[in-house]
There are 2 protein chains.
Amino acid sequence: MAKLAHDHTAEDCVELVTIFQNLSKKDKDTIATLVTHHHYKSGEYLFSAGDASDSLIIVAHGQAKVFQMSANGKEQMLRILQTGDFDGEAALFSNTDHNSFAQTLMDTDVCQISRSDFQKLMQETPEMAVNMVNALGRRIAQLEQQTTEVTTASVESRLANYLLETSAGLDEEIFTLPLKKKDIATYLGTTPETISRKLTSLAKQGMIEKISNNKFKILDTDRLMMID
Amino acid sequence: MAKLAHDHTAEDCVELVTIFQNLSKKDKDTIATLVTHHHYKSGEYLFSAGDASDSLIIVAHGQAKVFQMSANGKEQMLRILQTGDFDGEAALFSNTDHNSFAQTLMDTDVCQISRSDFQKLMQETPEMAVNMVNALGRRIAQLEQQTTEVTTASVESRLANYLLETSAGLDEEIFTLPLKKKDIATYLGTTPETISRKLTSLAKQGMIEKISNNKFKILDTDRLMMID
DNA sequence: CGGAATCTTGAGGCCCGTCAATAACGGTGG
DNA sequence: CCACCGTTATTGACGGGCCTCAAGATTCCG
């Protein structure tokens, strides 16, 4: 394997992650000693459903998708882990298995803390526990939003929202969809075919412009927001 | 207002709620002094979207539904708060408004702790913060499950699961649906008409027996689990 | 007992999922 | 640089599940 372009150390993880950010230097140093890190190539799994779930996983650099598999074999995307995000499930309950999958979307560096170390850490560092509570609260709000949208809004509306969210923050006029259509589809609770159709439909209606198959330009934010 | 059948005191709240349960007597007493309680009649709102969100709300006795309202006016049920459950959102972020509604389904007693008191409590009582993290983690797992089911499984399958979950725990053969069809519908992301149709369909297929419009008997657990 | 809310049942239609075939893309090696 | 092949995306035809609208039946509760 090629040498990493950047070296990602335990300190990097601690600096990157929001739940550690406002802690004292001393606390951060302690945490750094508890962390192990690993490199994954694009497409590898961080964990699969059924795996023993025994550590908190932090994305130090890269991107991974977390999804569940339903009884009939359909994927449902739960979230995209970006640099600095973590997957909590693992560190919270004792003796439960993962019920979801995490697969990297690019080469990705990951840090881990074992459940027991993490639980000890929360006992000893209340600020960290409070940070954790806040992070989980945000996650809950986001999931509630996702559930509501998926059941109450049309695919066209969900897709429009997704485009607006994805393009927000980038002040580029033209932006690139960061995911394959299949992944966008499972994120929005639909199929790649429908995504494809709705994108051309939005383009025909003049709300977006299609530059290439995954590059787009927002033409009419207001109308996109009003769909459905 | 009539005198309450049972007196629900601050101590009751503290005893009832899982996040307080394994704390020391001393800690519990402290918490009890921070709690205020209120009685609500059936159908009243504990809070509405847009209200300032400034306290943790605990259901000491009764039942309430928490739901969001989508842009096009549809309700999406997020969860049912039972005795001992709490709504977290409020106590976690600073200066955000509620984005959901909570409405009682029967006469209900509620306890509250202000956000500032609760945040202080977490700082001073790490065990409580850890309890909170665990409770939120469970809630996340449940929401992820709900999102996945709602997008990947048919209404019939979701309803079958709901019936199994609702009847589980009660060893009664015949059980009563605790919610109106409209509420079941918004919980499962569908409409009352569809719920009605699917229930008669399940009965025709011999998997359940319809005793009255809201009393049912499970006849074939295995087939109910296999739907879809 | 009476009126309001809830539930049931039917008819009709549309959104979107499925299946399938073609096209475009992207990386690899010659 | 181009030819090649697997992956991904597009487009069409079709069907079905579920939503909508509406009317009638039933239940609930004062």
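On a predicted model such as this, the values are computed, not experimentally measured, just so you know. Just so you know, these numbers use all the heavy atoms, side chains as well, and skip hydrogens, waters and symmetry mates. Below, read A as the first sequence line, B as the second, and so on, with proteins coming before strands; counting in each chain starts at 1.
What separates NZ of A/Lys74 from P of D/dG17 is a distance of 12 Å, to the nearest Å. Distance, A/Phe216 CZ to D/dA9 P: 10 Å, rounded to whole Å. Whole-Å rounding puts the A/Asn213 CG to D/dT7 P distance at 17 Å. Atom CD1 in A/Ile227 sits about 16 Å away from atom C1' in C/dC16, given to the nearest Å. Following rounding to the nearest Å, B/Ile184 (CD1) and C/dT6 (P) show an atom-to-atom distance of 13 Å. Between the CG atom of B/Asn72 and the C1' atom of D/dC19 there is a distance of 12 Å, given to the nearest Å. Here D/dT10 presents its P atom at 14 Å from NZ of A/Lys180, a figure rounded to the nearest Å. Distance, B/Asp183 CG to C/dA5 C1': 13 Å, rounded to whole Å.
The residue B/Thr190 sits close only to the backbone: its heavy atoms come under 4.0 Å of sugar-phosphate atoms, none of a base. Within 4.0 Å (heavy atoms only), A/Ser212 reaches no atom of the nucleic acid at all. A/Glu193 comes within contact range of at least one nucleobase, with a heavy-atom separation under 4.0 Å.
Between A/Gln205 and A/Glu156, the closest side-chain pair of non-hydrogen atoms falls below 4.5 Å.
For C/dG17, one of the phosphate oxygens OP1 or OP2 lies less than 4.0 angstrom from a side-chain nitrogen or oxygen of A/Thr191. The side chain of A/Lys198 places no N or O atom within less than 4.0 Å of a non-bridging phosphate oxygen (OP1 or OP2) of D/dA9. Under 4.0 angstrom from either OP1 or OP2 of D/dT10 there lies at least one side-chain N or O belonging to A/Lys181. Contact annotation: A/Lys210 side-chain N/O to D/dT10 OP1/OP2 distance is under 4.0 Å. Residue A/Thr194 places at least one side-chain N or O under 4.0 Å from the OP1 or OP2 atom of C/dG17.
Pairing each heavy atom of A/Tyr40 with each of A/Tyr45, the nearest pair is CE2-O, 3.8 Å.
Side chains of A/Thr151 and B/Gln76: a donor-acceptor N/O pair is present below 3.5 angstrom, by distance only. Defined by atom type and a distance below 3.5 Å, a donor-acceptor pair is missing between the side-chain atoms of B/Glu144 and B/Thr148.
Between A/Gly189 and A/Asn214, the one whose closest nucleotide on DNA chain C sits nearer the 5' end is A/Gly189.
Listed candidates were D/dA13, D/dC18, D/dA9. Nearest to the side chain of B/Val155 is D/dC18.
Side-chain atoms of B/Arg197 stay outside donor-acceptor range of the base of D/dG17, with no qualifying N/O pair under 3.5 Å.
A donor-acceptor pair under 3.5 Å is formed between the side chain of A/Gln103 and the backbone N or O of A/Gly43.
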